[in-house]
2 protein chains.
Amino acid sequence: MENLVESLKEQLKEKGYKLTTQRRIILDVILENQGKHLSPEEIYEKVRGKFPEIGLATVYRTLQLFEELNIIYKLNFNDGCSRYELNTNNGDHQHHHLICLNCGKVIEVQLDLLEALEEEIEKSREFKIVDHNLKFFGYCKDCKK
Amino acid sequence: MENLVESLKEQLKEKGYKLTTQRRIILDVILENQGKHLSPEEIYEKVRGKFPEIGLATVYRTLQLFEELNIIYKLNFNDGCSRYELNTNNGDHQHHHLICLNCGKVIEVQLDLLEALEEEIEKSREFKIVDHNLKFFGYCKDCKK
DNA sequence: TTAATTGCAAATGGTTTGCAATATT
DNA sequence: AATATTGCAAACCATTTGCAATTAA
């Protein structure tokens, strides 16, 4: 996804921000770990492998920035930290998460099927929906016994 | 819902726990504020009106206990604190939340319509679903302009 | 009586912030 | 050169914990 680095550069320039080594490396780490839902601490550790001088605060600030730019999404799996995933743009956040209550594993489901529900809500509640977030809790194959 | 206090007493006794004044008052406050999604701090303030000696830690511990007993659900609206709602048991958590990105208002939607999706997931992913959590983000009537 | 519970204060841990030094434009 | 960004350490703030005193059973 080399075009994502280009797109980042453009978006930053547009807003008067700068493309720093730190920001490029953080994006690299996120790209290299698609589907992994990394936490800020985990990203920090992986970035340190490539750029040991980086500070944790920079990681937090960069993740906030990337979220504003819609490059990533913040997730909450109730495990004590926030987690992030790449916004792949292929249909706009159209997948859900299965969270195992026993082992904590998170499985992605590439299904949406919420259109009917969204339509009904938009009509009857006068609410303009721009995003959704659906999590299922239960037990994965290994933990079902 | 006087029967909820009775049910609480039974559930506590069953597990060797005690029904204290604090626990009863916290349940009262939650019952009096159904649909409000109170935070621990907000519950603490309301409980203090009836029982000024209570400590914030007791509120946290009680909310944890009530969650274990399935009396309440913990919610996360990304606003910096956890929030709780009563588990009304009338169909088991079958409603969703609309969260306004402008004013932060949370609207409940009494619709489920996720059965088809759950069925498909359970079949094809070998995942036993026990709960779900669906949030829609967007703009409410007043904030749509 | 005795085991669970409480209130308090201190600790924890993820996240944010102030600031002087540094890097990008 | 001007301004954004960084690393560091300290601050923040929601939540948790240790403990001696208290309370429900």
Side-chain angles (χ1 to χ4, degrees), chain A residues 5-6 8-27 29 37-69 71-84 104, chain B residues 5-6 8-27 29 37-45 47-69 71-72 74-84 104:
Chain A
V5 180
E6 278 313 306
L8 172 63
K9 205 186 288 186
E10 276 171 38
Q11 281 191 79
L12 291 175
K13 187 182 292 179
E14 201 173 295
K15 307 212 168 182
Y17 299 144
K18 292 170 180 171
L19 179 57
T20 62
T21 311
Q22 290 90 331
R23 286 174 179 169
R24 226 186 8 240
I25 293 181
I26 291 171
L27 182 61
V29 164
H37 317 109
L38 298 182
S39 67
E41 194 75 39
E42 288 167 348
I43 292 170
Y44 174 58
E45 286 308 325
K46 286 182 191 292
V47 170
R48 281 220 289 182
K50 304 171 181 230
F51 195 89
E53 321 86 285
I54 201 166
L56 181 55
T58 301
V59 174
Y60 274 100
R61 283 185 286 231
T62 303
L63 292 173
Q64 251 174 232
L65 175 66
F66 284 3
E67 214 197 344
E68 280 170 36
L69 299 178
I71 293 170
I72 56 175
Y73 276 108
K74 187 194 274 200
L75 306 170
N76 186 307
F77 297 144
N78 262 352
D79 66 345
C81 60
S82 52
R83 298 186 166 276
Y84 292 87
Chain B
V5 180
E6 278 313 306
L8 171 64
K9 202 186 289 186
E10 276 170 41
Q11 281 191 79
L12 291 174
K13 187 181 291 180
E14 201 173 295
K15 307 210 170 185
Y17 299 146
K18 293 170 180 172
L19 179 58
T20 63
T21 311
Q22 290 90 331
R23 286 176 179 170
R24 229 190 1 243
I25 292 181
I26 291 170
L27 181 61
V29 165
H37 316 111
L38 298 181
S39 66
E41 196 75 39
E42 288 165 349
I43 291 170
Y44 173 59
E45 286 309 324
V47 170
R48 281 218 290 182
K50 304 171 180 229
F51 195 89
E53 320 87 286
I54 200 165
L56 182 54
T58 301
V59 173
Y60 274 99
R61 282 185 286 230
T62 303
L63 292 173
Q64 249 174 234
L65 175 65
F66 285 3
E67 213 197 347
E68 279 170 39
L69 299 177
I71 293 169
I72 56 177
K74 186 194 275 196
L75 306 170
N76 186 306
F77 296 144
N78 262 353
D79 66 346
C81 60
S82 53
R83 299 187 166 276
Y84 291 87

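Just so it is clear: chains get the letters A, B, ... in the order the sequence lines come, proteins before strands, and each one is counted from 1. These values consider heavy atoms only, across backbone and side chains, with no hydrogens, waters or symmetry-generated copies.
- The nearest whole Å value for the distance from the CZ atom in A:Phe77 to the C1' atom in C:dG14 is 17 Å.
- Separating the NZ atom of A:Lys15 from the P atom of C:dT25 is a distance of 17 Å, rounded to the nearest angstrom.
- Counting all heavy atoms, side chain and backbone alike, B:Arg23 lies closest to B:Phe66 at O-CZ, 3.5 Å.
- For the pair B:Thr20 and C:dT6, the criterion of a side-chain N or O lying under 4.0 Å from OP1 or OP2 is met.
- Nearest-nucleotide mapping onto DNA chain D: of B:Gly80 and A:Ala57, the residue sitting toward the 5' end is A:Ala57.
- At whole-Å resolution of the value, CG in B:Leu19 and C1' in D:dT22 are 16 Å apart.
- Residue A:Gln64 places no side-chain N or O under 4.0 Å from the OP1 or OP2 atom of C:dT15.
- Here the shortest heavy-atom pairing between A:Leu75 and A:Tyr84 reads CD1-C, 4.5 Å.
- Judged by atom type and distance alone, B:Lys13 does not reach the base of D:dA25 through any side-chain donor-acceptor pair under 3.5 Å.
- The listed nucleotides are C:dG7, D:dA2, D:dA14; the one nearest the side chain of B:Tyr60 is D:dA14.
- A donor-acceptor contact under 3.5 Å links the side chain of A:Arg61 to the base of C:dG18.
- Comparing A:Leu56 and B:Glu53 by the nucleotide of DNA chain C that holds the closest heavy atom to each, the one mapping nearer the 5' end is B:Glu53.
- Taking all atoms of both residues into account, the shortest heavy-atom contact from A:Tyr44 to A:Gly55 is CE1-C, 3.7 Å.
- As rounded to whole Å, 12 Å separates atom P of D:dT23 from atom NZ of B:Lys18.
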Side chain to side chain contact (heavy atoms under 4.5 Å, CB included) for A:Gln11 and A:Glu14? Distances and angles first, verdict last. CA-CA 5 Å; A:Gln11 281 191 79; A:Glu14 201 173 295; 5.5 Å; no
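- In this structure, CG of A:Asn78 is placed 14 Å from C1' of C:dG14, rounded to the nearest angstrom.
- Residue A:Ile43 contributes atom CD1, which lies 14 Å from atom C1' of C:dT15 at whole-angstrom precision.
- Nucleic acid contact class of A:Thr21 (heavy atoms, under 4.0 Å, all strands): sugar-phosphate only.
- In this structure, the CD atom of A:Gln22 is 17 Å from the P atom of D:dA4, given to the nearest Å.
- At D:dA14, none of the side-chain N or O atoms of B:Ser82 fall inside 4.0 Å of OP1 or OP2 (strictly under the cut-off).
- Rounded to whole Å, the distance from CD on A:Glu42 to P on C:dG13 is 16 Å.
- Checked for salt-bridge contact, B:Lys13 and B:Glu10 miss the test: no charged N lies under 4.0 Å from a carboxylate O.
- At the heavy-atom level, B:Phe51 lies under 4.0 Å from the strands shown only through sugar-phosphate atoms.
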